[in-house]
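Notes to accompany the following structure.
Worth knowing before you read on, the calculation uses all heavy atoms, side chains too, and leaves out hydrogens, waters and symmetry mates. First listed ligand is number 1; within each ligand, the first listed atom is number 1.
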Amino acid sequence: MKIYQSRSDVPEKEKWRNEDIFPTIKDWEEDYRYIEEGTERLKKYDGEIHDGTELYQYLSEREEISSRFNLVYVYGMLQLDLDTRDSLAQSLQDRAKQLGVKMSAASSFFMPFLLSLEEVTLREYIKQEPRLNYFEKDLFESLRYKVHILTKEKEEILSHLGEALSAPSNTFNMMNNADIKFGEVTNEEGMKVELTRGMYSKLIEDEDRNKRKDAYKAYYQPYLQLKNSIASTLSANIKTNVTIGRLRNYPSALEKGLFGDRVPTEVYENLISTTKEHIEPLHRYTTLRKEKLGLDELHQYDLNAPLVDGVNMEISYDEAFETIFKALAPLGEEYVQTLKTFKDSRYIDVRETPGKRSGAYNLGVYDVHPFVLLNQHDDLDSMFTMIHEFGHAMHSWYSSKNQPRISAGYSIFVAEVASTVNEVLLIHYLLKKETDEKVRKNLLNHFIDQFRGTFFTQVMFAEFEKLTHEMAEKGKPLNVESFNQTYESLFREYNGDEIIFDDEVKYGWSRIPHFYKPFYVYKYATGFASAIHIAENLLKGGLDTLKAYLDFLKSGSSDYPLELLKKTGVDLTTPVPIENALKRFNQLVTEFSTL
Ligand SMILES: [Zn+2]
């Protein structure tokens with residue numbers, strides 16, 4: 001693998017073209033000025049919308065200005081991600097943010113105005129001005145919230161309390177990111193050093209059990225020390241959420257959490273109950289782990305230990321691309337050919353360089369093209385990251401090409417489907433051609449671990465959120481003890497009895513930032529299960545399945561997520577997609593056990 005010390009050493013063809021957004025800074029400045037003036041024009045509509053035509057004029061002008069703003073914003077952001085020390089990019093980004101604040105202030109009058117309209121009036125406006133059809137879905141989507149909006153005075157009180165109400169979540173994040181001090185571990189040179197998160201994720205996968213154990217203990221140390229404070233932030237967050245839900249006339253906190261995606265609570269409950277009905281293979285896998293690791297006792301810190309050693313596949317960037325093209329063949333010629341152009345037209349920034357943002361992402365820019373950021377390490381994991389991000393990028397590309405601007409973006413609920421389908425196709429392709437037992441085992445283990453992390457753990461978290469919110473709704477106490485009890489019994493139920501319950505296990509709830517964003521993580525699990533379902537069908541062939549899937553990729557946010565998924569044959573209101581995914585997991589475990 002090649003290490004680059006400077007961006008200028010990276011070959012041009014492996015760097016993305018930011019100039020596709022603005023050829024020069026001068027062009028950026030021109031748009032910036034245009035938006036500043038536009039913001040002033042938007043303000044003038046306050047109190048001046050009296051009929052369909054005026055409403056249309058406002059909305060179309062706002063859309064035009066905000067689409068230009070989007071370009072100004074992402075240009076600085078993309079530039080800054082390439083080198084976070086770049087002061088020019090930093091200043092572009094700061095200025096874009098300030099502009100964003102001005103823009104939202106200029107349009108802040110609109111939502112209260114819209115919500116003050118009666119539905120009949122809005123329909124009347126649309127009749128007067130047919131061009132409003134374009135905005136119709138969004139307008140009525142906002143009106144859907146009307147029953148949950150309070151009187152002007154109450155809304156004002158809530159908005160003044162905004163900062164205080166988000167204090168539990170802010171406090172936890174401050175503790176978790178800034179103040180926490182992990183315990184010490186011994187490094188390669190035999191010196192005692194303070195554990196970092198980066199070190200932890202490596203050490204917990206180490207072959208040496210003592211290293212795993214030390215890292216585990218050091219990692220949990222601050223959470224155990226801060227248990228009462230964290231129980232208090234989590235409890236306050238849950239209770240606030242429950243109270244706001246009640247104030248805003250939601251039947252439950254869960255209903256409030258699912259309202260935006262228009263997901264019925266049955267989908268959430270069904271995810272949990274179906275998973276628990278078919279949990280046995282996960283228990284079997286835990287036992288298998290203990291056997292394969294040759295341990296008398298299985299602890300939580302053994303759950304990520306490598307089961308297959310000595311597999312270090314080196315795969316260059318170009319080789320990975322060739323494999324990816326073959327693996328994605330079930331998605332048809334157009335898909336693969338388009339992806340090829342992403343590489344040739346330089347939509348991808350490939351190499352790790354000093355100051356570059358870590359990890360990987362796709363950012364679809366409606367008027368331009370998708371941008372994919374990678375930190376390529378020329379190994380198996382990097383190949384999976386590539387195909388994952390390409391799944392998002394192709395989703396952006398198809399939706400941008402086939403949807404008007406207003407519905408081109410897709411929701412989080414469906415986002416991980418496109419990326420996971422690609423990963424499943426890659427696993428399938430690699431397993432089919434691989435004959436080396438060790439490599440096969442490694443691939444199966446990769447897939448199983450992904451299932452555990454993206455599906456089972458998230459379902460368990462989802463159930464924890466549901467239970468703790470229900471406890472708050474029933475006025476039951478939320479404290480260290482009740483959190484511990486709830487978490488421990490869930491952990492046992494999902495992972496089986498084979499694991500030794502060290503004290504740390506039951507404190508798992510205290511380290512999860514997502515718990516401060518209630519009813520969010522279940523989407524990882526439903527997305528994952530949907531993707532497994534779709535990929536299996538695609539592999540069976542069938543042009544109808546392919547067409548339906550491509551139509552899904554083209555559909556952006558033209559409908560609610562459950563409806564979009566239904567068109568691919570995934571109906572999450574029934575247990576079938578979850579059952580199918582769990583069947584696949586069962587097969588994987590069986591196959592793994594025979595190797
Ligand atoms: Zn993703």
Side-chain angles (χ1 to χ4, degrees), residues 16 74 77-78 81 201 261 271 320-321 324 327-328 331 335 338-339 342-343 347-350 352 356-366 369-377 379-400 408-428 446-459 461-462 512-514 517 520-535 538 549-550 552-557 561 564-565 568 570 572 577 581:
W16 70 28
V74 298
M77 190 182 99
L78 290 172
D81 284 348
S201 61
D261 289 317
L271 168 72
F321 245 110
I324 285 171
L328 295 179
L331 296 180
Y335 191 103
T338 304
L339 184 55
F342 286 13
K343 187 183 185 216
Y347 297 178
I348 311 163
D349 204 87
V350 185
E352 185 170 8
K356 183 170 166 179
R357 182 189 153 135
S358 63
Y361 67 70
N362 158 67
L363 185 80
V365 183
Y366 186 75
H369 56 66
F371 285 81
V372 179
L373 180 134
L374 301 173
N375 278 282
Q376 176 69 11
H377 284 135
D379 56 12
L380 187 68
D381 275 349
S382 285
M383 180 160 68
F384 274 101
T385 305
M386 281 168 70
I387 206 166
H388 179 105
E389 298 308 332
F390 296 163
H392 291 312
M394 287 299 297
H395 194 180
S396 301
W397 184 84
Y398 272 117
S399 284
S400 295
Y410 45 78
S411 70
I412 298 283
F413 197 99
V414 296
E416 291 307 321
V417 173
S419 51
T420 313
V421 163
N422 281 9
E423 284 197 62
V424 178
L425 293 178
L426 179 57
I427 290 260
H428 180 88
H446 175 96
F447 201 6
I448 289 173
D449 277 343
Q450 224 200 345
F451 241 109
R452 283 199 304 156
T454 319
F455 187 81
F456 289 108
T457 305
Q458 307 305 328
V459 180
F461 287 169
I512 311 294
H514 266 130
K517 212 174 171 186
Y520 179 88
V521 296
Y522 84 100
K523 299 178 196 183
Y524 292 122
T526 47
F528 190 79
S530 305
I532 300 275
H533 191 99
I534 293 168
L538 284 169
Y549 181 59
L550 294 176
F552 165 77
L553 294 182
K554 291 171 189 169
S555 61
S557 54
L564 294 178
L565 281 170
T568 69
V570 172
L572 286 166

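Using bins of under 30°, 30° to 60° and over 60° for the plane-to-plane angle, the ring pair F384/H446 lands in the parallel bin. Using the six-membered ring where Trp is involved, H514 and Y520 have ring planes that are parallel, under 30° apart on the 30 and 60° scheme.
The closest side-chain donor-acceptor pair between E416 and S419 falls under 3.5 angstrom.
Atom NE2 is the N/O/S atom of H392 found closest to the Zn ion (ligand 1).
Ring centroid separation for the pair Y361 and H392 does not come in under the 6.0 Å cut-off.
Note: angle at the Zn ion (ligand 1), from NE2 of H388 to OE1 of E416, is 90° (rounded to 10 degrees).
At a cut-off of 2.8 Å, E389 is not counted among the residues with an N, O or S atom near the Zn ion (ligand 1).
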